[in-house]
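Structure, as structure tokens:
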2 protein chains.
Amino acid sequence: MNVKALERRSGIAIWRQIADELRNEIATNLALKDSRLPSELTLAKRFDVNRHTVRAALNALAKEGIVESRQGQGTFVRRQTRISYPIGKRTRFSDGIGKQAQTTRGKLLSLSTEIATPEIASALQITAGSNVICLDALSEADGMPVSRSTSWFCAQRFPDIGAAYQTTGSITKALAHCGVDDYLRQSTEIEAHHATMNDTEYLQLSPGAIVLVTQAINSDTDGNPIQYSKTRFAADRVSLMIANEL
Amino acid sequence: MNVKALERRSGIAIWRQIADELRNEIATNLALKDSRLPSELTLAKRFDVNRHTVRAALNALAKEGIVESRQGQGTFVRRQTRISYPIGKRTRFSDGIGKQAQTTRGKLLSLSTEIATPEIASALQITAGSNVICLDALSEADGMPVSRSTSWFCAQRFPDIGAAYQTTGSITKALAHCGVDDYLRQSTEIEAHHATMNDTEYLQLSPGAIVLVTQAINSDTDGNPIQYSKTRFAADRVSLMIANEL
DNA sequence: CCGGATTTGTGCGTATGTATG
DNA sequence: ACATACATACGCACAAATCCG
């Protein structure tokens, strides 16, 4: 345990490194909800730092709503929740999230018609340079932003997808409006990055936070790609679940 | 563009926030390989900081081998590679990685027999408290550590799995030794976290780096779980690819 | 080959943030 | 709360390498 010391010239303050470490342990169930964390002095000894530094770390976690300090008693875990987002052949955002969160919304940020780049054309299997509809949306659960996604559709096949999404607030329903009553997830690529300044803005994250980035292609039942999307999830609010039907 | 200012009391140095932002843009192909980055003065104006601060960020990226600065010429992108790790019903680590990297190894870190916790027992569908074999391994590609995984097997069914892994260096071959010639990926859960001190040690990461954490269950062809594993990937070296056969 | 413009490399003084006791 | 040491960020100045007309 504790094999490596905290690094001092890494551009990340020690109190933040400790906060990240503790947040991790809470998230991976090493510390259970409502349980008491070790005392500030114990933590200071464990990380080999001053008690002030531990207090700065706990202060940051308290601001995030993860722990709560009570004078004379100690510091306690408040929550360690994560929304599980299923990814499978027939996964719909509203289906998966709807059951776990109280309220689910998709908010349209922007809607535009663009010229397909080679990347988009290749994903949608259309000729490069043809028109695509670009749909930018923010998804929220229980009032907290969860993900921001950009989707591309073939403009020729789905000219009214934007209007349909705006009225329904759901990709699935919008596609149904356009004559697609069933579709399948063909592929998903997952990466993790540090939050960009755009992410900190739209997903209400702090710098240094993590985003899970997925690139997905959805196809109709004949195997023709109909939607190409890139989604950025606030990593501390979700986990991605891949289930394979046997 | 550039909607939000960099945060100054966030515990993360501004030069590191800029480095994260630039690394992101390089990784998402906004800057191509061998292309020149904007000049230090231009970047300083864009982020509204001193040129020294931009230099500190570029210095960090240079140490990571991502960019290279040449006096009088500019700063150039050196690489933006990521190993793609496929996740599917029939995915094997060596299969997926072997084609992309020159050398692939699995190094056994530790091997022990443990009492199944409720979590492990539930995943393997065995009675809690029975014996399980815990196998800790480090995977490398081209000499760089890529992932660290901990796997649990039912001790009753696979008493010799440890020895088999040690001689073969592959889970697939070790399972074949124990009479399992085919298995399927039943489920995978994915999260992203900041690197712990253990991660920085074993995966050679710097503090603030990101790890992709997967929890997976493999089953034999009859649907009985045979392996439960948790794997921690160095996020800046891999992307996870999920392909669904149609 | 010259000279001016551009770009990275370096030094120093100062103010603020971080970490210790 | 206070004092001390170090890291970070800023501003200014100038040197060195490269590019281009």
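Quick caveat: nothing in here was measured; it's all calculated off a predicted structure. All chains are named by letter (A, B, ...) in the order of the sequence lines, taking the proteins before the strands, and each is independently numbered beginning at 1.
Judged by distance alone, the side chains of Thr196(A) and Glu21(B) never bring a donor and an acceptor atom under 3.5 Å apart. Thr75(B) and Ser69(B) share a donor-acceptor pair across their side chains, judged by distance under 3.5 Å alone. A donor and an acceptor atom, one from each side chain of Thr113(A) and Asn131(A), are nowhere located under 3.5 Å apart.
Mapping heavy-atom proximity under 4.0 Å, the span of DNA chain D touched by chain A runs 5' to 3' from dA1(D) to dT8(D).
Every residue two or more places apart in sequence or in another chain was checked for a salt bridge (Lys or Arg N to Asp or Glu O under 4.0 Å) with Arg8(B), and none qualifies. Scanning for salt bridge (Lys or Arg N to Asp or Glu O under 4.0 Å) contacts around Arg23(A) gives Asp20(A), Glu64(A), with sequence neighbours left out.
A salt bridge does not link Lys230(B) with Glu191(B): none of the charged nitrogens is closer than 4.0 Å to a carboxylate oxygen. With respect to the salt-bridge test (charged N to carboxylate O, under 4.0 angstrom), the residues Glu68(A) and Lys63(A) do not qualify. Salt-bridge check for Arg148(A) with Glu201(A): failed, with every basic side-chain N at 4.0 Å or more from each acidic carboxylate O.
Heavy-atom distances under 4.0 Å link DNA chain D to no residue of residues 60-67 of chain A.
From Phe233(B), atom CZ reaches atom CD1 of Ile190(A) across 10.5 Å, with rounding to the nearest 0.5 Å. Atom CD1 of residue Ile87(B) and atom OG1 of residue Thr188(B) lie 5.0 Å apart, to the nearest 0.5 angstrom. Considering CZ of Arg51(B) and CG of Leu58(B), their distance stands at 10.5 Å, rounded to 0.5 Å.
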Under 4.0 Å protein heavy-atom contact, by nucleotide of nucleotides 15-21 of chain C - B base, S sugar-phosphate only: --SSSBB
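Inter-residue side-chain proximity for Tyr165(A) and Leu111(A) is flagged as unmet; no heavy-atom pair is nearer than 4.5 Å.
For the helix from dC2(C)-dG21(D) to dG21(C)-dC2(D), the terminal axes (five pairs an end, C1' atoms, rotation from four pairs onto the next four) enclose an angle of 20°, given to 10 degrees.
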